[in-house]
Amino acid sequence: MSTLMTDVLERDAHLARELTAMAERVRMCTVDVAAPDGGGGGSGVIWRPDGLIITNAHVARGTRATVTTHDGRAYDAAVVSRDGARDLAALTVEAVGLPSPAVRDARTLRTGELVLAVGSPLGIPGAVAAGIVHAPSTRGPGGRRWVRAALRLAPGNSGGPLADALGRVVGINSMIAAGLAMAIPSDAVQRFVNGPMRPSLGIVARPVLVSLAADRVLGLLVLDVRPGSVASASGLAAGDVMIAAGGRRFDSPSDLAGELDEAGPDAVLPLTLLRGGRCVTLEARLHDGGSREEAA
């Protein structure tokens, strides 16, 4: 066998060992999450060694759950925080020193990077699926950013980690859309962990179609503005029709919630609206409102 062929085989063997070891590290941080009555469930990630576990809101629907670690230890877990709009839930168990992963900001991902999903698809604990990043942090269902990956997920993967080639968690797997795995970006997860909930403008609004130049565009008609709210301070008024936030036009009524979620507290969010037939831009100086926007 030639020296070149030997070098190639040794390199491939080394890469295989590295990937196997990395997958095992992620598996150690992945748990099974089950409802106490045995109905439904999925996966989760040990986010902190002190027993904080993150999963999907649609996995942890009640106030309690049973969490099983990679080595078979079962814990009674309390659901301490839940956000259905983000599809995230936080659970705690009475344990310390649990293995937790490094976390990478999903906004640094690039298309084509290798990623792994770990979970319990179809009841197989600790199963690993490999693929590549199809599109990092792009808009998708619910008006939120998602990490899209070309890999196979199945029921039971929900709530489990999506990790990069170094084993760093870049997202929480949530669903399949158009054949692609959809994961909640790690930076959005961290904002959820840090709490509180996304900022609120303090409005009641409903979706409408309005004419803009030669186009019909989606807008949010402001029906009411809460006194003392962010919206009131920014000059937003009943009768205004918002058509964009953060410089992006609305494609769905939930896009405003996505922009607020991405901006986070203490940011300045530009709002583009129609007022008296003219396009106007206001700056909303956000702070924690502890609730979602209301829609009529």
- Item | From Asp87, Asn157, Leu153, Leu88, residue fulfilling side-chain contact (heavy atoms from CB on, under 4.5 Å) relative to Ser174 |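 Of all the options given, the one that passes is Asp87.
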Out of curiosity, does [Y] fall in the hydrophobic cluster containing [X] (side-chain heavy atoms, cut-off under 4.5 Å, transitive links)?
| X | Y | result |
| --- | --- | --- |
| Val59 | Met182 | no |
| Leu269 | Leu236 | yes |
| Ile203 | Leu273 | yes |
| Val193 | Ile46 | no |
| Val170 | Val133 | yes |

- Give the intermediate values and the outcome of side chain to side chain contact (heavy atoms under 4.5 Å, CB included) for residues Thr92 and Leu52. CA-CA 5 Å; Thr92 57; Leu52 177 67; 4.2 Å; yes
Smallest separation among heavy atoms of [X] and [Y], with atom names:
| X | Y | value |
| --- | --- | --- |
| Gln190 | Trp47 | OE1-NE1, 3.2 Å |
| Val115 | Ala149 | CG2-CB, 3.9 Å |
| Leu271 | Ala284 | CD1-CB, 3.9 Å |
| Asp240 | Gly235 | OD2-O, 4.2 Å |
| Cys279 | Leu212 | SG-CD1, 4.4 Å |
| Gly131 | Leu114 | O-CD1, 3.3 Å |

- Task: Carefully, step by step, assess Thr68 and Arg73 under the rule side chain to side chain donor-acceptor pair (under 3.5 Å).
- Result: CA-CA 5 Å; Thr68 306; Arg73 288 178 292 170; over 6 Å; no
- Task: Please test Asp255 against Arg248 for side chain to side chain contact (heavy atoms under 4.5 Å, CB included), starting from the C-alpha separation and ending with a verdict.
- Result: CA-CA 9 Å; Asp255 283 353; Arg248 285 181 280 266; over 6 Å; no
Between [X] and [Y] (side chain of the first, backbone of the second, donor and acceptor by atom type, cut-off under 3.5 Å), is there such a pair?
| X | Y | answer |
| --- | --- | --- |
| Arg82 | Ala57 | yes |
| Thr281 | Thr272 | no |
| Arg61 | His58 | yes |
| Ser186 | Ala106 | yes |

- Item | Pairs touching residues 118-133 that satisfy side-chain hydrogen bond (donor to acceptor under 3.5 Å, both in side chains), sequence neighbours left out |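 Those involving residues 118-133 are Asp32-Ser120.
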Within the 4.5 Å heavy-atom criterion, are [X] and [Y] side-chain neighbours or not?
| X | Y | result |
| --- | --- | --- |
| Pro136 | Thr111 | yes |
| Val31 | Leu98 | no |
| Pro253 | Leu218 | yes |

- Query: Rounded to the nearest 0.5 Å, how far apart are CG of Leu209 and CG of Leu221?
  - Reply: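 Leu209 atom CG to Leu221 atom CG measures 12.0 Å (nearest 0.5 Å).
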- What distance separates Leu109 CG from Arg148 CZ, expressed to the nearest 0.5 Å?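 One finds 14.0 Å between CG of Leu109 and CZ of Arg148.
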- Task: Go through the steps for Phe192 and Ile172 under the test side chain to side chain contact (heavy atoms under 4.5 Å, CB included), then give the verdict.
- Result: CA-CA 12 Å; Phe192 167 74; Ile172 300 295; over 6 Å; no
- Results of salt bridge (Lys or Arg N to Asp or Glu O under 4.0 Å) for Asp50 - residues two or more places apart only: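 Arg48.
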- With sequence neighbours excluded, tell me which residues meet salt bridge (Lys or Arg N to Asp or Glu O under 4.0 Å) with Arg27.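 Arg27: salt bridge (Lys or Arg N to Asp or Glu O under 4.0 Å) contacts with Glu24.
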- Task: Take Leu166 and Arg104 through the test side chain to side chain contact (heavy atoms under 4.5 Å, CB included) and record every step on the way to the result.
- Result: CA-CA 10 Å; Leu166 297 179; Arg104 174 184 171 187; over 6 Å; no
